[in-house]
Trainee: 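This structure is in structure tokens; I'll ask about it shortly.
Note that ligands are numbered from 1 as they come in the structure, with each ligand's atoms numbered from 1 the same way.
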Amino acid sequence: MSGRVFDVLVVGAGMVGATAACLLSRSGFSVAVVESRQPEPFDPTSETGLRVSAFSPGSTDILTETGAWRQIESGRHCAYRRMHVEDRDESVTIEFNAPEFGLERLGTIIENQLVQWSLWQTLQMMAGVEIICPDRVASQAAGDSEIRVVLESGREIRCRLLAGADGAKSVIRKLLGIEQQHWEYGQHGLVCVVQTKKKNPGIAWQRFMQGGPLAFLPLQDGASSIVWSRPEGEAFRLMKLEESDFLAELQEAAFSEDTNWPGEMVSCGPRAAFPLTMRLSDRYAGPRAVLLGDAAHVVHPLAGQGVNLGLLDAAGLVETLLEARRQRTDIGGEKTLKKYERWRRSEAEVMARGIHGIRGLFTPEALGPIRKLGLGLVARSWMAKETFIMRAAGKHRNAPALSRGQALTDLIHPQID
Ligand SMILES: Cc1cc2nc3c(=O)[nH]c(=O)nc-3n(C[C@H](O)[C@H](O)[C@H](O)COP(=O)(O)OP(=O)(O)OC[C@H]3O[C@@H](n4cnc5c(N)ncnc54)[C@H](O)[C@@H]3O)c2cc1C
């Protein structure tokens, strides 16, 4: 057994856990990371990967503070300043333009693998971080001043706080006995990269229709990454179609006389489908332990907010621990963890329930006039659009300071007037 006691043990080095570990280490906390499998290296000469995410401006600010952003930015990415949302049946359209809201961009589309690999490499270079991979947590026991974690390899790690960022099927959440509210949408998100005759000019386009939304997210080379939410059986059928038949159905779903966007489909790469669920953990904290990212919450991808919420958790956790350190209180103590839990759980709940509600407007049971009224109100109200955009951008009042553009060094060494 090691005599060393780490400040924080982060379990899971996905995009969220690795971000938390980088920020914690850069804040001067001693950190250990346990990851079950080494991430795949990112190959810049490869075809664009299937898994991409829309990173909000707040998320890119957080990633900047990890030290990994330079590497990410030097790889494939596509910033978008315009978002077009439309309702196929009721022909309501909503346009969002970044400058209208004082933003330079609405988001940046980046492959998950590039982000995870860049963070992983950044972690490897951090002197204060011990990476244990491959390994998994087998058990944990919290005491008064530390928590002892036993790994499947038999190694024991002692730390003041355990941070579970081990994804939707989190073992840490199960070990802590935290229950979740859980909705199965009976839908799958079908993803693939699509080449269109007319290059995507850098617009995120989303069409709501019965059965689920269809999104075209712009990629650097003018192609689009699509997420097409379909009822389960329908998604499986689309997965099995020949490419030409699949493109014909996609063309039909995307066709719009009004906007003629995204235009003619030319080809597509491999397809994959992911089950869509919403999960909200009843608690985000247990004795000397917290949850973050998909371990704590999973949301429908229609608003592209899953990883963004997770990065806000990572920033929120670091800010909470820095404040505890400034006040010389225990970083794994109940007071500190309750504060994190209250903050992040309420924020995730607002977002998750908002997305759940929007999705509900497009179920067969929802009445057309109600849908039209709801969307029409957002389309006409600048206030509603601003509230929506600033929250999605991670720039609202209650967002962590790092997401609102503050530098980590300013949080570590705050200026006292
Ligand atoms: C179709 C689709 C489209 C999406 N699009 C967007 C989007 O545009 N924008 C957005 O913000 N979000 C999007 N999301 C959601 C986003 O992908 C997730 O929210 C995000 O990947 C979660 O990251 P995470 O680090 O919390 O979890 P994960 O990515 O699941 O990482 C968990 C890590 O923990 C490791 N691990 C697991 N178990 C253990 C264990 N027992 N011990 C040690 N390590 C372990 C895993 O190997 C992994 O590295 C989308 C999701 C889907 C399904």
Trainee: Using a strict 4.0 Å threshold on nitrogen-to-oxygen distance, state whether Arg148 and Glu146 make a salt bridge.
Mentor: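 Result for this pair is yes, salt bridge flagged.
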Trainee: Charged N to carboxylate O below 4.0 Å: is that the case for Glu349 and Arg353?
Mentor: yes
Trainee: What I want to know is whether Ala54 and ligand 1 share at least one N or O pair that is separated by under 3.5 angstrom.
Mentor: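 Indeed, backbone or side chain, Ala54 has an N or O that close.
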Trainee: Could you tell me, atom by atom, which parts of ligand 1 come under 4.0 Å of a heavy atom of Gln305?
Mentor: 10 (C), 11 (O)
Trainee: Heavy atom under 4.0 Å from ligand 1: found in Val171's side chain, backbone, both, or neither?
Mentor: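 It is the side chain that touches ligand 1; the backbone stays farther off.
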Trainee: If we only count N/O pairs under 3.5 Å, is Gly306 in contact with ligand 1?
Mentor: yes
Trainee: May I ask you to identify the nearest protein heavy atom to atom 9 (N) of ligand 1, giving residue, atom name and distance to one decimal place in Å?
Mentor: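 The answer is Gly304 O, 3.2 Å.
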Trainee: For atom 31 (O) of ligand 1, what's the nearest protein heavy-atom neighbour? Residue, atom name and distance, please.
Mentor: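 Answer, as residue, atom name and distance: Gly14 CA, 3.6 Å.
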Trainee: Give the atom numbers and elements of ligand 1 that come within less than 4.0 Å of a heavy atom of Val191.
Mentor: 1 (C)
Trainee: Quick test of your reading of the model: are Glu40 and Arg51 salt-bridged, counting only N-O distances below 4.0 Å?
Mentor: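 So Glu40 does not pair with Arg51 through a salt bridge.
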Trainee: Can you list the ligand 1 atoms lying under 4.0 Å from a non-hydrogen atom of Ala165?
Mentor: 32 (C), 33 (C), 34 (O)
Trainee: Are Glu95 and Arg82 ion-paired here, with the side-chain N under 4.0 Å from a carboxylate O?
Mentor: yes
Trainee: Taking 4.0 angstrom as the limit, do Glu243 and Arg271 come out as a salt bridge?
Mentor: no
Trainee: Which distance, rounded to the nearest 0.5 Å, do you find between the CG of Leu337 and the CG of Leu161?
Mentor: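 It is 5.5 Å, given to the nearest 0.5 Å.
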Trainee: Please state which protein non-hydrogen atom is closest to atom 36 (N) of ligand 1 and give its distance, to 0.1 Å?
Mentor: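 The protein heavy atom lying closest is Ser36 OG, 3.6 Å.
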Trainee: With side chains defined as the heavy atoms from C-beta onward, is the minimum distance between Met278 and His297 less than 4.5 Å?
Mentor: no
Trainee: Could you tell me whether Asp166 and Lys174 make a salt bridge, using a distance below 4.0 angstrom between a side-chain N and a carboxylate O?
Mentor: no
Trainee: Which heavy atom of the protein is the closest neighbour of atom 19 (O) of ligand 1, given with residue, atom name and distance?
Mentor: Asp294 OD1, 2.8 Å
Trainee: What are the two closest heavy atoms between Asn398 and Trp343, and how far apart are they?
Mentor: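 That closest heavy-atom pairing would be O-NE1, 2.9 Å.
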Trainee: Considering all heavy atoms of both residues, which atom of Ile147 and which atom of Pro287 are nearest to each other, and what is their separation?
Mentor: CD1-O, 3.9 Å
Trainee: Considering non-hydrogen atoms of the protein only, which is the closest contact for atom 11 (O) of ligand 1, and what is the distance?
Mentor: Val307 N, 2.8 Å
Trainee: Just jot down the ligand 1 atoms closer than 4.0 angstrom to any heavy atom of Asn308, in number order.
Mentor: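 Reading through ligand 1 atom by atom, the close ones are 11 (O).
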Trainee: Closer than 4.0 angstrom, basic N to acidic O: yes or no for Asp221 and Arg76?
Mentor: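 A salt bridge is absent here (no side-chain N lies under 4.0 Å from a carboxylate O).
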Trainee: Strictly less than 4.0 Å: does any protein heavy-atom distance to atom 14 (N) of ligand 1 fall in that range?
Mentor: no
Trainee: With heavy atoms under 4.0 Å as the rule, classify the contact between Lys169 and ligand 1 as side chain, backbone, both or neither.
Mentor: neither
Trainee: For atom 27 (O) of ligand 1, what's the nearest protein heavy-atom neighbour? Residue, atom name and distance, please.
Mentor: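 Answer for atom 27 (O) of ligand 1: Gly167 CA, 3.8 Å.
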Trainee: Run the salt-bridge test on Glu104 and Arg81 with the 4.0 Å N-O cut-off and return the result as yes or no.
Mentor: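 Counted as a salt bridge, because a side-chain N and a carboxylate O are separated by less than 4.0 Å.
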Trainee: Check Arg237 with Glu249, please: is the shortest side-chain N to carboxylate O separation under 4.0 Å?
Mentor: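 Yes, Glu249 and Arg237 are salt-bridged.
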Trainee: For ligand 1, which part of Pro301 has a heavy atom less than 4.0 Å away: the side chain, the backbone, both, or neither?
Mentor: side chain
Trainee: Could you pull out, from His300, Arg136, His297, the option with a heavy atom nearest to atom 40 (C) of ligand 1?
Mentor: Arg136
Trainee: To which of Ser225, Ser53, Ala204 does the heavy atom nearest atom 6 (C) of ligand 1 belong?
Mentor: Ser53
Trainee: Considering only heavy atoms from C-beta outward, does the side chain of Leu219 approach that of Asn200 to under 4.5 Å?
Mentor: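 In short, these two side chains do not touch, never coming nearer than 4.5 Å.
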Trainee: Between ligand 1 and Val16, is the shortest N or O to N or O distance under 3.5 Å?
Mentor: yes
Trainee: Going by distance only, is there an N or O of Val11 that falls short of 3.5 Å from an N or O of ligand 1?
Mentor: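 No, no N or O pair falls under 3.5 Å.
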Trainee: Where do Thr196 and Gly222 come nearest, in terms of heavy atoms and distance?
Mentor: OG1-O, 4.3 Å
Trainee: Please identify which atoms of ligand 1 are closer than 4.0 Å to at least one heavy atom of Gly293.
Mentor: 26 (O)
Trainee: In ligand 1, which numbered atoms sit nearer than 4.0 Å to a non-hydrogen atom of Val34?
Mentor: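 The atoms of ligand 1 under 4.0 Å from a heavy atom of Val34 are 43 (C), 44 (N).
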Trainee: What residue and atom, counting heavy atoms only, is the protein's closest point to atom 49 (O) of ligand 1, and at what distance?
Mentor: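 Going atom by atom, the protein heavy atom closest to atom 49 (O) of ligand 1 ends up being Glu35 OE1, 2.8 Å.
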Trainee: Under 4.0 Å from atom 34 (O) of ligand 1, is there any protein heavy atom?
Mentor: yes
Trainee: Show me which atoms of ligand 1 lie under 4.0 Å from any heavy atom of Met15.
Mentor: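 Here the atoms of ligand 1 in question are 21 (O), 25 (O).
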Trainee: How far does CG of Asp313 sit from CZ of Arg344, to the nearest 0.5 angstrom?
Mentor: 5.0 Å
Trainee: Should you measure from each heavy atom of Gln116, which atoms of ligand 1 turn up under 4.0 Å away?
Mentor: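 Those qualifying, in numeric order: 49 (O).
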Trainee: Which residue and non-hydrogen atom of the protein lie closest to atom 37 (C) of ligand 1, and at what distance in Å?
Mentor: Asp166 O, 3.4 Å
